[in-house]
Amino acid sequence: MDRYDPLKIESKWQKIWADTEAFKAGPVGDPRPKKFVAEMFPYPSGAGLHVGHVRNFTIVDVLARFYAQQGMNVLRPFGYDTFGLPAENYAIKTGISPQSATTTNIQNFRKQAQKLGYAIDWSREINTSDPEYYRWTQWCFLQLYKAGLAYQKESYQWWCPVDQTVLANEQVENGHCWRCGAEVEKKKMKQWFFKITDYADELLASLDEVEWPEKIKTMQKNWIGRSEGAEIDFRVQVAADEPAANPSDPSAPLITVFTTRPDTIFGATFLVLAPEHPLVAQLTTPGTRAKVDQYREAALKKSEIERQENKTKTGVFTGSYAINPATGEPIPIWVADYVLMGYGTGAIMAVPGHDERDFEFAEKFDLPIKQVIEKPEGSDDTDRYYHGEGELVNSGQFNGTRSEDAREQIVAWLNAQGVGRSKVTYRMRDWLISRQRYWGCPIPVAYDKNGQVHPIPEDQLPVLIPEVDDYQPDHTGRSALAKAKDWLKVTIDGEEMTRETDTLDGYACSSWYLWRYASPHDRSAAWDPEAVKYWSPLDVYVGGDHAVAHLLYIRFWCKFFADQGYLPFREPIKKLLYNGYINAPDGKKMSKSKGNVIDPLEVIDSGYGADTLRTYEMFIGPYDQDAAWDTKAIGGVYRFLNRCWTLCFNPAEPAQPLAADDPARLAARHQTIKKVTTDLHRNSFNTAVAALMEYVNQLYKTGAETDDLVALARLLKPFAPHLASEMLEQLETDDTWPTWEEQYLEAQLVEVVVQVNGKLRAKLQASPELLDQPDELRALALADPNVQRFLADRPVEKVIIPRGAKLVNLVV
RNA sequence: GGGCGAAUGGCGGAAUUGGUAGACGCGCUAGACUCAAAAUCUGGUUCCCGCGAGGGAGUGAGGGUUCGAUUCCCUCUUCGCCCACCA
C-alpha cells in the first residue's frame with residue numbers, strides 16, 4: 001500500500017468488526033465500570049441517513065469508543081422509532097404497507113450505519129413497530145390504566161383537518177400542524193390521556209438532579225409552568241335586579257376562579273368565563289341569549305390561530321352578576337375568548353386596575369376600573385394598569401398592607417368564610433395520547449355493548465395491527481383500523497366487545513425504549529429488572545430535538561414505573577448532550593425542495609471515506625452549536641488523516657529530527673494525550689481533533705517514533721476508528737487509552753512573558769524551576785533591554801507573578 | 001410582551017479558575033517538486049505604521065472593577081432560539 005485508501009481500509013475493518021461481534025456489551029454484573037450511551041433513536045425515513053444523524057451518532061460513538069478504550073463495559077445500542085405519519089402517508093399514496101416500507105428503510109439505515117463504522121452492539125437492535133416490542137408498549141399502557149393514570153375525557157381537541165387526526169399540544173406549532181403545516185381546528189371528541197400532571201411537581205423539582213443543559217431545563221420548567229395562587233368562589237345572582245344572593249345559599253351556582261393575585265380581589269370588578277365554560281348556558285339571561293350563543297359559536301368555530309392572532313379583546317355580557325366575596329358587591333359576568341378553558345378553572349376574576357388584559361377589556365366595554373394597589377413613589381412604571389407590588393388601598397381592613405403579605409392574609413380570610421383556598425396551577429396539561437391513525441401501537445382496550453371500557457388482558461397481548469387494503473382514515477375521525485371488521489371483534493370473559501381503533505402517540509413508544517435496551521429480546525417482561533438495574537439509568541443521551549416532549553414524557557414514565565416498583569431510579573437520563581444542527585453551506589436548513597442536501601454516503605463514496613466524514617463532523621464546531629457544512633473544509637480533515645497514514649506507513653526524513661527521548665518530543669506527546677483526554681471528558685470534540693492535528697504537524701517536523709505513533713493511533717481511534725485500527729495493527733499493539741505523566745509535560749525551557757503595567761514587552765526563555773523563584777525571575781525580567789526601555793528608570797512598585805501563568809507583570 | 005443564549009481576522013472557530021487574544025482548519029499568498037497541472041511538502045497570513053528591531057490599535061458599542069478583562073459588573077445595540085391572552 002503506498003497511499004491512504006480509506007475505502008479499502010474501512011471495508012476491511014467493518015468486516016472484521018462484524019465477524020467478531022466486536023462491540024457486544026459485556027454481561028450484566030461485569031465488574032468493570034459500566035457506561036450506557038445512546039442517541040435519540042432515529043425515525044428511519046426512506047431518504048436514509050443525513051449529515052445530522054452522522055453528527056448525532058458520531059458523538060455517541062466517540063464517547064462509546066473512548067470509554068471502551070479505557071476498559072469500561074460499554075453498552076452502545078441502536079434502535080428505530082418506526083411508527084408515524086410518513087410511513088402511513090406513503091402507504092396511502094402508494095399502497096405499499098407501512099410494515100414493508102419500514103423493513104426496507106431499517107435495512108437501509110443499518111447498512112449505512114455500518115458503513116460509518118459505529119461501535120454498535122447489533123445484537124440489541126430494537127424497532128418500535130415490531131410486535132415483540134409493542135406488546136410491551138401495550139403492557140405499559142395497561143399499567144398506567146390500572147393505576148388510574150390513563151383515562152378518557154371528552155373535550156375540545158386540536159384536530160388537523162389534513163392529516164385527519166387529533167394532535168397533542170406539543171404537536172401544534174403556532175396554530176399549525178407540526179407535520180403538514182395545515183391550520184388546526186378544535187373538535188370535541190372522546191380521547192385518551194395520560195395523567196402526567198400528577199407528576200408535575202416532581203418533574204419540576206428533580207430537574208435539579210440531572211446534568212442537562214440549562215436551556216432544556218428552562219424550557220421544561222416553562223412548559224410545566226407552575227403558578228402559585230388561589231381559587232376563589234363567586235356566588236351568582238341570576239340578574240342584577242334580584243336581591244343580592246346570600247353567600248351561604250347553596251342553591252345559587254358558584255363560579256370558581258383561579259388567580260395568582262388574590263391581593264387584588266377588592267379590585268375585581270367583573271368575572272370572565274371562557275366560551276366553553278359549562279356554566280355559560282345557565283348564566284345567560286333571556287335578553288342576552290341570542291348574542292351569547294352567537295359569540296360562543298363563533299369562538300368555537302374560529303380556528304385557534306385566528307383566536308391567537310386577534311389580540312383585540314372581544315366578549316359578551318351574560319346578563320348575570322356574581323357577588324365579589326370581598327366587597328359584597330355584585331359584579332357582571334362576561335364571556336370572552338381571552339380566557340382559556342384549558343387553564344385554571346376556565347374563569348377569572350378581572351382586575352382591570354392591575355392587569356393589562358383585563359384593563360383592555362374594561363376599556364373596550366366600559367367596565368369599572370378600580371385601583372386597589374398604590375404604585376410606590378418613584379416607580380417609573382407608566383402603565384395605567386400597575387401590576388407591580390405596593391400597598392393596598394380601597395381594600396377594607398387590608399388597607400396599608402403590602403401586596404406581597406396581603407396575598408396570604410386575604411386567602412386565609414376567604415378560607416375562613418369557606419370561599420377561597422390556596423391553589424397551585426400548572427400550565428402543563430395532561431398528555432393526549434390517542435391518535436386516529438393506522439400506523440401506531442393499538443391501544444389495548446375494548447368496549448362492551450354499553451360503551452364501557454375493558455382493558456385487553458395481558459395474556460392476550462400484543463394486540464396486533466391488522467392488515468388492511470386501504471390506509472385512508474375515514475372521515476368520522478376513526479383510523480383505518482376501523483376497516484378491519486374481523487379484527488374489531490374481540491371476546492373478553494366470554495363477552496363480545498369492540499376494539500379501540502385509536503393508536504398511541506408515537507412518543508409513548510419512545511417513553512420506555514431505553515430500558516428495553518437492557519434486555520431487548522426478553523419475551524417475559526418489558527425489561528429484565530436485573531439488567532436494567534445494572535445498565536440504567538442512561539449515562540449519556542445525545543440528541544438535537546424533543547427538548548420538551550420526549551424528554552418530559554420519558555421522565556414521567558420513569559417516575560411512574562419507579563412508583564410501581566419496576567425501576568430502581570427516578571430519572572432515566574443522567575447527562576444530556578443536546579447537539580446542534582448541521583445546515584447547508586449557504587447557512588440555511590437542508591431540504592430536498594431547496595436542493596441543498598449533503599448526502600453523507602456520497603461524501604464517503606466520493607473517496608473521503610467514513611473516517612474523514614466522522615472526524616470532520618466532530619471538528620466542524622462545538623457539538624452543541626449549529627454549524628454550516630463547508631465542502632472545502634472537509635478536505636482539510638482528509639489531509640490530516642492522510643498525514644497520519646503517511647507518518648505510519650510512508651514516513652519521510654524529518655526536517656528537524658529529535659531524539660526519541662528528547663524532552664520536547666515527550667512534552668508534545670504527553671501534552672497531546674492530556675489535551676485529548678480532558679477535551680473528551682468535557683465533550684470538546686472540535687478542540688480534541690485540533691490537538692491531534694497540532695501533534696501530527698509537530699511529528700512531521702521532528703519525525704515520529706513508534707511511541708508517538710502508538711499514542712496518535714490510540715487517541716485518533718474514537719474519531720477515525722478504521723485508520724487507527726490499521727495503524728495499530730501495523731504497530732502490533734492494542735487500543736488501550738494512553739495516559740500522560742505530569743513530569744513530561746514541560747520541555748526543558750519554558751517561555752515566560754514579561755509585562756510592564758499589563759502590557760506585553762518581552763518573552764524570555766527560562767527553566768521551569770525559575771517560576772518558583774520570584775527574585776531571580778524579576779532580575780531576569782529587569783535585565784531585558786526592551787523591558788528597561790519601558791521602565792525608563794522608574795522604580796518598580798510591584799512585581800506580580802501569578803501561579804501557573806508563566807508571566808511576570810512589573811507595575812511602575 | 002416574557003424567558004434563555006450569543007456577538008472574536010476574509011470564513012468556521014480557540015483561549016478549562018481574570019494572566020502571552022486569534023490554537024486548529026478553510027481561504028488567500030510565496031516557494032520546493034514537476035515539461036506542466038494535480039497531489040504533496042515548506043514558509044507567510046488580525047489591522048495600521050516601520051526596511052528592520054519594534055510600536056500603535058484591537059474580541060458588537062459605551063462605562064466600571066483590577067497590576068492585568070474575550071472572561072466579572074452596569075447601560076445599550078444587533079442576532080438567534082423557546083414560550084406567547086396561562087389570569
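Chain A is the first sequence line, chain B the second, and so forth, proteins listed ahead of strands; every chain is numbered from 1. The model shown is predicted, which means the values in this text are computed figures rather than measured ones.
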Does [X] put a side-chain nitrogen or oxygen below 4.0 Å from OP1 or OP2 of [N]?
X	N	answer
A/Asn757	B/G68	no
A/Asn697	B/A23	no
A/Arg639	B/C26	yes
A/Arg427	B/A87	no
A/Lys798	B/C67	yes
A/Tyr343	B/A87	yes

Can you check whether [X] and [Y] have ring centres sitting under 6.0 Å from each other?
X	Y	value
A/Phe365	A/Phe270	no
A/Trp629	A/Tyr616	yes
A/Tyr4	A/Tyr638	yes

Euclidean distance, atom [atom1] of residue [X] to atom [atom2] of [N] [Å, nearest integer]:
X	N	atom1	atom2	result
A/Leu760	B/U46	CG	P	16 Å
A/Gln625	B/C79	CD	C1'	14 Å
A/Phe640	B/G25	CZ	C1'	11 Å
A/Lys759	B/G56	NZ	P	6 Å
A/Gln220	B/C81	CD	C1'	16 Å

With heavy atoms under 4.0 Å as the rule, sort [X] into base, sugar-phosphate or nothing.
X	value
A/Ser227	sugar-phosphate
A/Tyr700	sugar-phosphate
A/Val753	base
A/Lys806	nothing
A/Glu751	base
A/Ala633	sugar-phosphate
A/Tyr695	nothing
A/Arg761	sugar-phosphate
A/Gln755	base
A/Asp358	nothing
A/Lys674	nothing
A/Leu692	nothing

- prompt: Where does B/G13 land, syn or anti, given syn is within 90° of 0?
  reply: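 For B/G13, whose glycosidic angle is more than 90° from 0, the conformation is anti.
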